[in-house]
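These figures come from a predicted structure and were not determined experimentally. Throughout, a chain's letter reflects where its sequence line sits, starting with A, and its residues are numbered from 1.
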2 protein chains.
Amino acid sequence: MCQNEEVPKVVDSQNRRQSVGEAIHRIAAREGIEGVSVRVVAAEAGLSVGAVQREFRTKDELLRFALDFSIAEVADRFSRVRIGPESLTFAEGMRAVLVDLLPTDDRRRAQARIWAAFYARAAVDTGFAEKLADLDAQARVNLAAALGYAREQGELVSGRNTEALAELLLVMIDGLWLTCARLPEGAPLDGPRAAIDAAVALVTGR
Amino acid sequence: MCQNEEVPKVVDSQNRRQSVGEAIHRIAAREGIEGVSVRVVAAEAGLSVGAVQREFRTKDELLRFALDFSIAEVADRFSRVRIGPESLTFAEGMRAVLVDLLPTDDRRRAQARIWAAFYARAAVDTGFAEKLADLDAQARVNLAAALGYAREQGELVSGRNTEALAELLLVMIDGLWLTCARLPEGAPLDGPRAAIDAAVALVTGR
DNA sequence: TTCGTATCGATACGCCTGTATCGGAAGGAT
DNA sequence: ATCCTTCCGATACAGGCGTATCGATACGAA
């Protein structure tokens with residue numbers, strides 16, 4: 001009953017949550033969010049139904065966790081791209097972010113599919129929509145900084161409203177992400193790549 | 001058993017299919033595609049389960065029909081925008097198409113939500129993905145024509161690859177459509193509008 | 001060792017799903 | 001009027017769902 005008794009429990013719990021997150025990832029990538037049920041998740045994670053239930057009281061909690069889990073991964077991926085002096089130019093950074101969305105491996109392909117499912121759910125679930133809106137707000141801040149830097153460096157096409165450009169880029173990221181989600185397994189990525197090239201060229205004025 | 005006996009049956013059948021399509025629209029806009037079940041659809045359309053079953057042998061057939069139903073509506077909406085001499089300039093047409101996607105009324109809001117669901121399903125259902133790919137192909141053709149006309153008229157920003165621009169616009173349409181899908185009911189549309197302005201400005205070089 | 005508690009997996013519950021089946025109404029043809 | 005076909009809606013069925021419950025087990029405290 002002493003406090004440090006909880007230490008192993010918490011660790012265990014975190015491990016379980018992690019593996020549940022991964023399990024949901026795999027299932028959702030395979031069959032969409034509709035295929036995610038408590039039983040299936042438990043089986044995929046090698047846990048009993050009870051174990052999953054004890055970790056997540058309701059299915060909603062489960063899916064919310066899965067979204068957070070995915071957001072963390074994507075945010076981490078984006079945050080690795082550093083734009084600034086002694087680092088990437090804006091054009092390089094913008095290209096890096098967009099190219100990184102392309103489904104060039106299984107993990108990325110799976111993530112694109114999961115996000116498609118999350119987006120769809122956000123359309124009818126306020127909680128999901130809010131989380132994505134938060135993510136957007138955060139992205140807007142980062143984009144504003146990047147675009148400001150680009151303007152300083154003369155990298156930006158002249159005479160454009162920075163906020164509007166940020167909105168356009170947000171929309172473009174969503175579109176690219178979702179377009180990629182519905183490409184078949186071995187499909188060529190020429191189309192998306194061309195879109196990225198065009199976007200970078202237009203925004204930076206070449 | 002004579003042939004014209006089928007005439008009223010066919011008409012009836014088409015009416016039923018139409019009302020089923022509308023019913024699915026309403027349900028999917030309200031609760032997402034997960035909420036679409038045979039029973040619920042039947043109730044929403046004021047039909048018996050058997051009637052729906054007779055019209056659509058399986059649920060898959062039902063959803064496929066719903067997608068076709070929605071594609072027809074969107075295609076019709078787009079086809080009303082005419083770009084060319086004695087009609088809209090490219091910039092006007094492009095803006096019209098994009099603005100028309102905004103959830104400015106209930107019907108548009110519902111449609112955006114439904115498409116979010118369809119996109120998500122296309123990520124895990126080959127049949128859906130193919131239908132959307134066909135739609136993309138068709139849009140590519142139309143965009144190519146519009147962009148060609150724009151180039152002729154000197155409306156297009158110079159030195160850009162037309163095919164790449166078309167890909168970018170496709171991605172942007174998807175992104176705009178889906179971003180709108182997850183906006184809350186009365187949310188301001190400033191962001192999307194700014195994105196549209198920026199897109200039109202960039203593509204036409206002002 | 002024995003007790004008390006906390007955590008475990010299994011299973012029960014009621015509901016909803018997609019689909020199949022079936023008795024009866026309806027309505028031309030004879 | 002009778003038959004026969006066609007279409008109708010109600011209901012049956014098996015299975016999956018989210019969630020609640022419960023006996024067994026493991027394990028630290030006494």
Show the atom names and distances, to 0.1 Å, of all donor-acceptor pairs under 3.5 Å that link a side chain in residues 80-88 of chain A to residues at least two apart or in another chain.
{"residue": "Arg80(A)", "atom": "NE", "partner": "Asp76(A)", "partner atom": "OD2", "Å": "3.4"}
{"residue": "Arg80(A)", "atom": "NH2", "partner": "Asp76(A)", "partner atom": "OD2", "Å": "3.0"}
{"residue": "Ser87(A)", "atom": "OG", "partner": "Arg82(A)", "partner atom": "O", "Å": "2.6"}

Review point. Any side-chain heavy atom of Val200(A) sitting closer than 4.5 Å to one from Ile196(A)?
Key: yes

Revision key, fill the gap. By side chain to side chain donor-acceptor pair (under 3.5 Å), Glu73(A) pairs with (sequence neighbours left out) Arg107(A), Gln111(A)

Practice item. At under 4.0 Å between heavy atoms, which parts of nucleotides 14-19 of chain D does protein reach? Answer with one letter per nucleotide, 5' to 3': B base, S sugar-phosphate only, - none. Key: ---BBB

Give the table of side-chain donor-acceptor pairs shorter than 3.5 Å for residues 37-48 of chain B, with sequence neighbours excluded, one pair per line with atom names and distance.
{"residue": "Ser37(B)", "atom": "OG", "partner": "Val40(B)", "partner atom": "N", "Å": "3.2"}
{"residue": "Glu44(B)", "atom": "OE1", "partner": "Arg30(B)", "partner atom": "NH2", "Å": "2.8"}
{"residue": "Glu44(B)", "atom": "OE2", "partner": "Arg26(B)", "partner atom": "NE", "Å": "2.6"}
{"residue": "Glu44(B)", "atom": "OE2", "partner": "Arg30(B)", "partner atom": "NH2", "Å": "3.4"}
{"residue": "Ser48(B)", "atom": "OG", "partner": "Ala51(B)", "partner atom": "N", "Å": "3.1"}

Practice item. Could you tell me which residues satisfy side chain to side chain donor-acceptor pair (under 3.5 Å) with Arg121(B), sequence neighbours excluded, listed by chain and number? Key: Asp60(B), Asp125(B)

Check your understanding: What pairs with Trp115(B) under side chain to side chain donor-acceptor pair (under 3.5 Å), at least two apart in sequence or on another chain?
Key -> Ser70(B)

Review point. Within this structure, what is the CZ-to-P distance between Phe56(B) and dG18(C), rounded to whole angstrom?
Key: 14 Å

Exercise for review: Write down the distance between CZ (Arg54(B)) and P (dC7(D)), rounded to a whole number of angstrom.
Suggested key: 9 Å

Point to revise | Arg16(A) CZ - dG9(C) P separation (whole Å) | key: 7 Å

Exercise for review: Sort and list the pairs that fulfil side-chain hydrogen bond (donor to acceptor under 3.5 Å, both in side chains) and have at least one residue in residues 184-197 of chain A, not counting sequence neighbours.
Suggested key: Arg95(A)-Asp197(A)

Review point. Pairing of DNA chain C as dot-bracket, 5' to 3': ( ) intra-strand, [ ] crossing, | other strand, . unpaired, with Watson-Crick or G-U pairs under 3.5 Å?
Key: ||||||||||||||||||||||||||||||

**Study point:** Pair listing, ring pair (Phe, Tyr, Trp, His ring centres under 6.0 Å) test, anchored in residues 124-143 of chain B, at least two apart
**Key:** Phe118(B)-Phe128(B)

**Study point:** By side chain to side chain donor-acceptor pair (under 3.5 Å) - contacts of Arg17(A) (at least two apart)
**Key:** none

Review point. Heavy atom of residues 17-33 of chain A under 4.0 Å from DNA chain C: which residues?
Key: none

Practice item. Keeping to residues at least two apart or across chains, list the ring pair (Phe, Tyr, Trp, His ring centres under 6.0 Å) pairs with something in residues 67-89 of chain A. Key: His25(A)-Phe69(A), Phe65(A)-Phe69(A)

